[in-house]
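Contents: one structure, followed by commentary.
Computed from heavy atoms alone, side chains included, the values below leave out hydrogens, waters and symmetry copies. Chain letters run A, B, ... following the sequence lines, proteins first, then strands; residues in each count from 1.
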Amino acid sequence: MPRSLTFYILIAQRLGIAAVTLVIVSFAVFFATELLPGDVAQVLLGQAATEEAVAGLRQAMGLDEPAIWRFLSWLGGLATGDFGMSYVSNIPVAELISDRLSNSLRLAAVTTAISVPLALALGIGAAMWQGSLFDRAVSILTISVISVPEFMVATLAVLIFAVWLNWLPALSYGAEAGSFGAMLKAYAMPVITLGFVVSAQMIRMTRAAVIETINTPYVEMALLKGASRRRMVLGHALPNALGPIANAVALSLSYLVGGVIIVETIFNYPGVAKLMVDAVSTRDLPLIQSCAMIFCVSYLLLITIADLTAILSNPRLRR
Amino acid sequence: MISVLRTSPRPGGTGPTWRFNWVGRIGLAMILFWAFVAIFAPMIAPYPIGEIADWDYFGPMSGQFWLGSDYLGRDVLSRILVGSRYTVGISLAAVFVACAGGVILGMVAAVMGGIFDTLLSRLLDAFNGIPSLLFGLVVVAAVGSSIPVLVLTLAAIYLPGAYRFARALSVNVNAMDFVTVARARGERTPYLIFREIFPNILGPVLADLGVRFVFIVLLLSGLSFLGLGVQPPNADWGALVRENIEGLSLGAPAVIFPCIAIATLTISVNMFIDNLPKKIRDRSE
């Protein structure tokens with residue numbers, strides 16, 4: 001498919017912005033954690049440490065070097081997979097994170113696999129029967145989910161499925177689930193909660209994207225020519241709404257990043273987010289920095305993909 | 001001609017009006033209710049917040065404890081009433097800082113244009129690339145949690161959005177004839193910003209303030225829920241949920257009602273904003 005010059009410029013611009021953002025983000029993450037009142041060496045050794053001990057540790061950790069130099073070597077370490085040592089447990093951060101990361105990714109993947117088809121079906125359906133009882137019910141439900149905190153969705157899910165219906169265990173997470181059924185039960189609650197949060201956004205954006213296409217003259221033409229409502233939406237409007245819908249999907253999936261922090265904490269799920277929240281309470285800086293970078297990079301990746309699909313699918317940029 | 005355009009009265013009845021529909025009125029009533037509670041909380045709370053009034057923990061709803069008792073046997077109703085001060089107060093302070101900063105910067109960028117506009121827009125866009133809850137986590141990890149830190153952090157997180165919104169509106173107003181005329185008259189930037197642009201973007205900016213208030217309430221509750229927001233012995237609504245989360249498997253009212261309090265506040269603000277009179281919401285009509 002031949003593309004116009006503007007198209008390539010837009011793509012290059014978007015990727016450039018992503019790269020600049022990444023640098024600024026890593027800068028912010030590194031220096032925010034450097035703002036710690038007092039000095040890391042002091043904090044690690046506690047109040048009773050002698051001046052000499054603190055100075056020795058400071059030198060051993062390289063803290064007497066200029067901040068910008070430490071920033072650069074930290075960035076270089078990240079790029080080569082060396083995340084540093086955890087202050088608290090003295091284990092390489094990479095080792096701490098690797099298991100947790102696969103757990104979190106699995107949670108995200110299962111949630112995505114379930115919520116994307118569901119949200120698309122509901123969003124397109126609501127747009128197709130716009131103004132109907134179904135549409136209004138879906139709208140009210142999604143608005144309610146969006147306007148309450150994630151932990152409330154989780155709380156309600158626990159109340160309904162664990163306390164009242166007694167189908168699922170409440171807040172415990174069995175690390176090594178024996179059977180398939182047990183595994184399903186362990187995943188159900190986090191996935192339901194995350195799924196609700198992510199789908200609500202996706203349904204709203206999908207519905208808006210389809211309705212915007214339905215309101216264009218050529219879709220009206222299809223209706224005037226006698227196409228049925230279904231044919232009008234699925235055959236004429238949907239192909240042109242695919243770009244905005246893909247954009248909506250990627251954008252809503254970026255809500256996973258915030259949602260997963262709450263969900264892993266409330267359900268005690270052993271993922272990166274739980275690791276990071278625990279690291280915040282013990283002030284384990286290298287661990288916090290690495291986890292924060294993982295989240296920032298995945299968030300940035302998703303919103304960049306969202307923007308790129310919007311550019312890629314814009315037919316006006318084809319020649 | 002220009003003065004006629006700016007002051008021409010609208011024909012009554014046909015144009016947008018100041019009237020609210022009933023959904024908006026319910027929203028407004030709930031907002032006023034929580035505002036009243038936040039101001040007078042210590043006077044209307046039935047028990048002192050720290051007092052362990054019930055021998056039972058996670059007690060049920062009763063005549064003595066309307067919303068039950070919490071994990072230490074304290075009265076939940078009193079704690080929610082007083083907690084409203086933290087949730088509403090911190091969020092209001094943060095949203096005012098965020099919107100004042102964002103709107104002023106946005107108007108300045110729109111009027112000045114050029115390199116200042118480009119640099120500021122790019123920089124603030126980059127800050128939008130950090131997930132908000134994560135930013136809060138990192139800052140709290142670094143400097144510790146206190147109420148001024150919370151207000152500033154929340155404000156910093158939502159300033160770029162307010163900036164982007166105000167800038168887009170101001171760019172439109174800036175292109176209008178009356179601004180061109182004012183500029184031709186030789187008016188300076190501060191005059192242009194506060195006398196020509198600001199009155200014309202005020203309505204949408206107020207609506208935006210409401211939307212951002214909801215985001216801030218949700219984020220503050222999220223941080224407090226993680227134990228990184230308002231610190232004990234004080235507690236906002238998010239912290240109340242955290243304190244009592246153990247009672248969830250018992251279906252204790254202590255964990256449900258703080259959630260409901262958050263939901264009533266955020267949903268009613270959304271209802272109010274969505275049903276604002278057209279006259280406030282968008283001036284272009």
Side-chain angles (χ1 to χ4, degrees), chain A residues 17-18 20-25 27-29 31-37 143-144 146-156 158-159 162-164 169-172 254-255 257-259 261-262 265-266 273 276-277 279-285 288-289 291-292 295-296 298-300 303-304, chain B residues 122-145 153 156 211 214-215 217-228 237-238 241-242 244-246 248-252 255-256 258-271 274:
Chain A
I17 291 173
V20 172
T21 309
L22 191 58
V23 172
I24 294 182
V25 165
F27 206 77
V29 165
F31 284 99
T33 44
E34 289 291 308
L35 288 173
L36 191 75
I143 289 190
S144 326
I146 290 173
S147 14
V148 301
E150 289 99 344
F151 62 78
M152 182 168 175
V153 179
T155 309
L156 286 182
V158 170
L159 272 183
V163 179
W164 292 336
L171 294 178
S172 56
S254 72
Y255 281 85
V257 174
I261 298 180
I262 300 280
T265 310
I266 194 169
M276 178 168 172
V277 173
V280 169
S281 53
T282 54
R283 291 200 145 168
D284 193 344
L285 292 183
I288 297 172
Q289 288 169 337
C291 294
F295 281 116
C296 285
S298 32
Y299 183 77
L300 197 59
I303 55 176
T304 307
Chain B
R122 284 280 163 274
L123 186 72
L124 290 180
D125 272 354
F127 273 102
N128 259 346
I130 308 179
S132 41
L133 188 57
L134 197 74
F135 187 83
L137 274 179
V138 172
V139 172
V140 169
V143 294
S145 185
T153 310
V211 175
V214 171
F215 288 150
V217 169
L218 294 182
L219 183 57
L220 173 66
S221 309
L223 278 174
S224 290
F225 175 76
L226 294 175
L228 305 167
W237 293 339
V241 179
R242 174 188 173 80
N244 296 307
I245 197 70
E246 294 293 321
L248 184 55
S249 44
L250 309 169
V255 63
I256 302 168
C259 284
I260 292 179
I262 299 172
T264 52
L265 178 64
T266 53
I267 292 178
S268 57
V269 172
N270 272 339
M271 272 161 55
D274 283 349

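- With a threshold of 4.5 angstrom between heavy atoms, Ile17(A) approaches chain B through side-chain atoms but not through N, CA, C or O.
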(Q) Please determine whether side-chain contact (heavy atoms from CB on, under 4.5 Å) holds for the pair Ile266(A) and Phe225(B), giving the CA-CA distance in whole Å, both sets of side-chain angles, and the decisive distance to 0.1 Å. (A) CA-CA 9 Å; Ile266(A) 194 169; Phe225(B) 175 76; 3.7 Å; yes

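- With respect to Ser147(A), the side-chain contact (heavy atoms from CB on, under 4.5 Å) criterion is satisfied by exactly one of Leu265(B), Leu218(B), Ile267(B): Ile267(B).
- Contact of Val257(A) with chain B is made through the side chain alone, with heavy-atom distances under 4.5 Å.
- Counting only heavy atoms from C-beta outward, the side chains of Ile262(B) and Phe151(A) approach each other to under 4.5 Å.
- Looking at Arg122(B), only its side chain comes within 4.5 Å of chain A, counting heavy atoms on both sides.
- Here OG1 of Thr266(B) is found 11.5 Å from CD1 of Ile146(A). Values are rounded to the nearest 0.5 Å.
- Interface remark: of the candidates Val217(B), Leu123(B), Val241(B), Val241(B) forms the most heavy-atom pairs closer than 4.5 Å to chain A.
- Scanning all heavy atoms of the two residues, the minimum distance from Val148(A) to Ala263(B) falls at CG1-CB, 3.6 Å.
- In this structure, the side chains of Ile262(A) and Leu133(B) come closer than 4.5 Å at one or more pairs of heavy atoms.
- In this structure, the portion of Leu228(B) lying under 4.5 Å from any heavy atom of chain A is its side chain and not its backbone.
- Panel note: side chain Thr265(A), backbone Leu226(B); no donor-acceptor pair is recorded below 3.5 Å.
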Q) Hey, mind stepping through Met276(A) and Leu134(B) against side-chain contact (heavy atoms from CB on, under 4.5 Å) and telling me if it holds? A) CA-CA 10 Å; Met276(A) 178 168 172; Leu134(B) 197 74; 3.6 Å; yes

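- For Ile256(B), the part lying near chain A is the side chain, with the backbone staying farther off; criterion is any non-hydrogen pair under 4.5 Å.
- Interface remark: Ile303(A) contributes side-chain atoms only to the contact with chain B (heavy atom separation under 4.5 Å).
- Nearest heavy atoms, Val138(B) versus Ala292(A): CG2-CB, 3.8 Å.
- When the shell of 6.0 Å around OH of Tyr299(A) is examined, it contains more than 12 heavy atoms from other residues, nucleotides or ligands.
- Taking CD1 from Ile245(B) and OG1 from Thr155(A), the interatomic distance works out to 5.0 Å, rounded to the nearest 0.5 Å.
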